[in-house]
Amino acid sequence: MNSWGRLDKKVKVGIFLVITVFIILIIYLGSKNEKELFIEVPKSVQASKNGDVIVRGRTLPDTDVKIGLGILGDKERSNSSGKFILKYTLYGNSSDILKITAENDSDKKVAKVTVKPSKNDNNSSVSEKSSSSSVDSSNANSGVENSTAINKIASQYTTAYVVKFKDYDIIYLLNENTNTIAYTTSDDHSISTSTYTGNFNDGIDFNMDGLAMHAHYKYVDVPSALIVSDASGNENKAYKSDPSTIIKYYKLYK
């Protein structure tokens, strides 16, 4: 009979309990040493004059970090110090809220960052207001007429998106209450209208001048950017804006 077989039953139980406690202690200490996932980002950041946004933050080292779903870039891996830099583009002079997610194999943390428009945009708005106050009465009357026309057209839509190219822009005006979408360009103000089906997270489908089109939010539940594609697979990023702003800027009221 070997040495283990000759041991008293109570001694065997005692040894077994000691080994069990030792294993549990090792597991516990190991879990205590493993750092909990976190994410640190500023509460707000400001866009540059051309709308570029940089979000700097910190999390655990070698952790995947992204804006929204990060499906078209805008995703990064933190460095050995846990620092990361994400890039984003803000269109127009309206604020936006970004969801920043840090994720590893066992956990996920989400933080929100408010993106503010460039100070130059705000200054230009103030400048425009200041200069407009000094116009003569005839120009003022013209401005009132233009505002009436702009508001009348803008009331037909709930949101607007713009795709910017080198030589021209494509403008989409949407009414999400009636599922209608209007299409025009900056060099030709003729408007085509269509109805659409679906939702913006999974994608909407519509027909524009005989061409099948598809569009979806770049990031789930974040309407600031829309990815618009055609049947050939060509994709363009459209940026959200206010309908009245777009109608005024492109002079669609004329």
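Residue Ser78 comes nearest to Leu60 through the heavy atom pair OG-O, 2.6 Å, listed as atom of the first residue, atom of the second, then distance. Taking all atoms of both residues into account, the shortest heavy-atom contact from Leu174 to Tyr172 is CD1-O, 3.8 Å. Contact record, Glu176 with Thr159: OE2-CG2, 3.3 Å, taken as the closest heavy-atom pair. Contact record, Pro243 with Ala160: CA-CB, 4.0 Å, taken as the closest heavy-atom pair. Shown here for Asp62 and Arg77, the closest heavy-atom pair between the two residues is O-NH2, 3.0 Å. Pairing each heavy atom of Tyr157 with each of Ile153, the nearest pair is CD1-O, 3.4 Å.
A continuous path of hydrophobic side-chain contacts links Val228 to Leu211 [ILVMFWY only; heavy atoms under 4.5 Å]. Follow the hydrophobic side-chain contacts under 4.5 Å out from Val110 and you never reach Val115; the two are in separate clusters.
Side-chain contact check for Leu37 versus Thr63: some heavy-atom pair is nearer than 4.5 Å. Contact of the Tyr217 side chain with the Val222 side chain is not registered, since no non-hydrogen atoms from C-beta on lie closer than 4.5 Å. Looking at Leu226 and Lys218, their side chains never come closer than 4.5 Å, going by heavy atoms from C-beta outward. Put simply, the side chain of Thr101 reaches to within 4.5 Å of the side chain of Lys108, judged on heavy atoms. Contact annotation: the side chain of Glu36 approaches that of Lys109 to within less than 4.5 Å [non-hydrogen atoms, C-beta and beyond]. For the pair Phe200 and Asp202, the minimum side-chain heavy-atom distance is 4.5 Å or more. For the pair Ile100 and Val65, the minimum side-chain heavy-atom distance is below 4.5 Å. Side-chain contact between Thr193 and Ile181: absent, with no pair of heavy atoms (C-beta onward) separated by less than 4.5 Å.
Among the candidates Asp242, Ile247, Ile246, the single residue satisfying the side-chain contact (heavy atoms from CB on, under 4.5 Å) test with Ser244 is Asp242.
In terms of modelled atom types and a separation under 3.5 Å, the side chain of Ser192 and the main chain of Tyr183 share no donor-acceptor contact. Side chain of Ser229 to backbone of Gly233: no donor-acceptor contact under 3.5 angstrom is found. Within the 3.5 Å criterion, the main-chain N or O of Ile204 finds a donor-acceptor partner in the side chain of His214. A donor-acceptor contact shorter than 3.5 Å links the side chain of Asn175 to the backbone of Gln156. For Asp169 (side chain) and Thr185 (main-chain N/O), no donor-acceptor pair under 3.5 Å exists by modelled atom type. Between the side chain of Asn151 and the backbone N or O of Ser147 there is at least one donor-acceptor pair closer than 3.5 Å.
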Quiz prompt | Pair Tyr219-Leu98, side-chain contact (heavy atoms from CB on, under 4.5 Å): steps then yes or no | solution = CA-CA 9 Å; Tyr219 308 116; Leu98 304 181; 5.7 Å; no
Quiz item: Thr184 and Leu252: side-chain contact (heavy atoms from CB on, under 4.5 Å), yes or no, with the steps?
Solution: CA-CA 9 Å; Thr184 188; Leu252 299 180; 4.3 Å; yes
Quiz item: Could you walk me through whether Lys99 and Asp221 pass the side-chain contact (heavy atoms from CB on, under 4.5 Å) check?
Solution: CA-CA 10 Å; Lys99 293 181 181 179; Asp221 292 330; 4.2 Å; yes
Quiz item: side-chain contact (heavy atoms from CB on, under 4.5 Å) between Arg58 and Phe38: does it pass, once the steps are laid out?
Solution: CA-CA 8 Å; Arg58 192 171 71 90; Phe38 68 94; 3.6 Å; yes
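For the residue pair Asp64 / Asn104, no side-chain donor-acceptor distance below 3.5 Å is found, with atom types taken as modelled. Judged by distance alone, the side chains of Asn207 and Ser194 never bring a donor and an acceptor atom under 3.5 Å apart.
Glu40 CD to Phe84 CZ: the interatomic distance, rounded to the nearest 0.5 Å, is 9.0 Å. Remark: Phe206 CZ to Thr180 OG1 distance equals 11.5 Å, nearest 0.5 Å. Asp205 contributes atom CG, which lies 12.0 Å from atom OH of Tyr196 (distance to the nearest 0.5 angstrom). Rounded to the nearest 0.5 angstrom, Gln46 CD and Ile54 CD1 are separated by 13.0 Å. The NZ atom of Lys237 sits 9.0 Å away from the OG atom of Ser224 when rounded to the nearest 0.5 Å. Rounding to the nearest 0.5 Å gives a distance of 7.0 Å between CE of Met213 and CE of Met208.
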